[in-house]
2 protein chains.
Amino acid sequence: MAPRSASKTPESSDKVGVICRALRRAIIEQALAPGAKLPEDSLGERFGVSRTIARHALGQLAAEGLVELRRNRIAVVATPSWQEARDAFDIRIELERLVVRQLAGKLTKNQVSELNAHVDAEDRARDGSDAVSIRLATEFHILLANMTNSPILVRYVSEVAYRCCLTLSLYSRPHSSECAINEHRAIIAALVKGDESKVMGLMHSHLDSVANRALVAPAPQRGRDLLDILAPYAEEGEGGRVVKMPKVVRAR
Amino acid sequence: MAPRSASKTPESSDKVGVICRALRRAIIEQALAPGAKLPEDSLGERFGVSRTIARHALGQLAAEGLVELRRNRIAVVATPSWQEARDAFDIRIELERLVVRQLAGKLTKNQVSELNAHVDAEDRARDGSDAVSIRLATEFHILLANMTNSPILVRYVSEVAYRCCLTLSLYSRPHSSECAINEHRAIIAALVKGDESKVMGLMHSHLDSVANRALVAPAPQRGRDLLDILAPYAEEGEGGRVVKMPKVVRAR
DNA sequence: GGCCATCAAACTGCATGCAATTGAGGCGCT
DNA sequence: AGCGCCTCAATTGCATGCAGTTTGATGGCC
């Protein structure tokens, strides 16, 4: 069977799919930060399609939780609350335990080398931008999910992994990204060895540690984000005066 | 806070949301069987909107896995394979274990009575149509998920529950539906008592037994469904003659 | 009678146009 | 200067129109 990208997802249909994939990638690489505006016109123009299509793509992305749609308002990249981020990780842990449980001891030689190749790529990207490292780390998990041959599982793991990726860009410390490449290698090893509970434990602690490293601030924001983010800057503007907040065009 | 339906889902926006909800309900109540055609025109006409809107709604439903979209083809209600059905249940089990783990011992009095009221309703619907019973049983689980206050978890549990509901209509024996009302009561009791592992076990075995009761046929279909379904009828049509297959308008 | 080619109706893919809503800047008032 | 109102450009919500594809039905041919 030819490796035509899964025909069942509406995704791969046509232009809509292209836009979705592009935006998804831009979002998880933080080229589009949470809160960034996504006007239908601009998207359409940028991708050479009409608003109708851009709109449809935004709808799909919204269904995945990557963008927020408010009636009569410009769509924006989603800005999950800290609690939602934590919830996403909890769900992700359960789903990925399921993945490795199904995979333990069942990987073909080809699959193992594919995984190893991916981790090697992660290694090489170590000195590159954080954004790329994070994307690669996420894609490792998606690659794993793909090997289960369960379309539903793939979809959910992908979605939730992307969401986690998004939250990482919101809440994680600058360079905490992922020194977790070794943990990926350990997971592969355990999968090959075929010890279900061992690999489930590894995956659990791997994701848990990523989450804990990333989601460090228990209550970083209250009202909304902007005010708190700017709070440190609010004292001693230039001479005892409170700085008048400038334009504030959240995420250009 | 007013109980306005979650503002974040694009769903509740407007006409699209109405159509989605209507179709979802029709599908899980089997008014629309798997394979049923869903032409944009007809939907638009039926709901008094343009094709554009109907199309958008179909897109959302496809993202949830309830309908299948193939390029240039009429959309149809999804027809999950047996394996996909099994996978969906596996995922559902993990997700709902998470739900009850978060809920154990944390339900308010109001929530408990809401749950009891729902189960009572299930009881009353016992003599009604199977479809309604199944829908109510599914909604019990969604109600539970809602109480976690985790939008992401709600979304995933809802989706996967609807999918399972859909598969039930495909693979379950006529009246196997759910005598599982008692199990629902047991889960409520365990939740109130607050024993995490107890209630997780209950939920696990509850869903597992529903799945096993429903997904009985390990390999009921090979090529596609129609041929196998008709196989028993293929011998001795009316006089040693093979019956000429009539129109066969899958799901009117 | 059964099978294949041709054709018309049905349907989707997509762009565009128009009305309604938003929010941002400008103006006047205090 | 500060505050609020008002107007207007920007943007979304939705319907319609046209072009391309699929479906399935009719008619000719074996």
Side-chain angles (χ1 to χ4, degrees), chain A residues 7-20 23 35-63 67-77 224 226 237 241-252, chain B residues 7-20 23 35-63 67-77 224 226 237 241-252:
Chain A
S7 65
K8 242 176 196 169
T9 91
E11 196 74 354
S12 64
S13 60
D14 213 8
K15 319 206 183 187
V16 172
V18 173
I19 300 183
C20 280
L23 286 183
K37 293 179 180 176
L38 302 169
E40 298 174 359
D41 294 329
S42 323
L43 288 180
E45 193 180 356
R46 179 68 188 76
F47 288 96
V49 298
S50 80
R51 279 202 311 123
T52 309
I53 304 306
R55 182 185 189 72
H56 203 82
L58 287 174
Q60 297 294 311
L61 259 9
V67 321
E68 282 170 23
L69 251 32
R70 286 121 75 218
R71 190 175 176 79
N72 284 323
R73 291 277 224 308
I74 301 181
V76 296
V77 175
R224 269 299 184 201
L226 235 189
R241 261 270 202 64
V242 173
V243 293
K244 177 169 170 59
M245 287 202 201
K247 311 266 288 196
V248 178
V249 200
R250 285 209 30 49
R252 57 136 170 173
Chain B
S7 64
K8 241 175 198 172
T9 91
E11 197 75 354
S12 65
S13 59
D14 212 9
K15 322 207 182 184
V16 172
V18 172
I19 300 182
C20 279
L23 285 184
K37 293 179 181 177
L38 303 169
E40 299 173 358
D41 293 327
S42 323
L43 288 180
E45 193 180 357
R46 180 68 188 75
F47 287 97
V49 299
S50 81
R51 277 201 314 124
T52 308
I53 305 305
R55 181 185 189 71
H56 203 83
L58 287 175
Q60 298 293 312
L61 259 10
V67 321
E68 282 171 25
L69 251 32
R70 286 122 74 217
R71 187 171 179 82
N72 284 324
R73 291 274 220 308
I74 301 182
V76 296
V77 175
R224 271 297 184 201
L226 235 187
R241 260 277 202 61
V242 173
V243 294
K244 175 169 168 61
M245 288 201 199
K247 309 265 289 196
V248 176
V249 201
R250 284 207 33 48
R252 58 138 169 169

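Quick note: numbers below take in every heavy atom, side chains included, and nothing from hydrogens, waters or symmetry partners. Lettering of chains follows the sequences in order, A, B, ..., and the numbering in each one begins at 1.
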Taking atom CZ of B/R73 and atom NZ of B/K37, what is their separation to the nearest 0.5 Å? 10.5 Å

Rounded to the nearest angstrom, tell me the gap between atom NZ in A/K37 and atom P in D/dA10. 13 Å

Grab the N/O contacts between the protein and nucleotides 8-12 of chain C below 3.5 Å, and write none if there aren't any.
from, atom 1, to, atom 2, distance (Å)
C/dT12, OP1, B/E40, N, 3.2
C/dT12, OP2, B/E40, N, 3.2
C/dT12, O3', B/N72, N, 3.4

Is there a side-chain contact between A/L43 and A/L23 (heavy atoms, below 4.5 Å)? yes

Expressed as a whole number of angstroms, how long is the span from A/L43:CG to D/dA10:P? 17 Å

If you measure from NZ on B/K15 to SG on B/C20, what distance do you get to the nearest 0.5 Å? 14.5 Å

Side chains of B/L38 and B/V76: does their closest heavy-atom pair fall under 4.5 Å? no

Heavy atoms only: give me the nearest B/A57-B/V16 pair and the separation to one decimal. CA-CG1, 3.9 Å

Nearest whole Å is fine: how far is D/dG13 P from A/I53 CD1? 16 Å

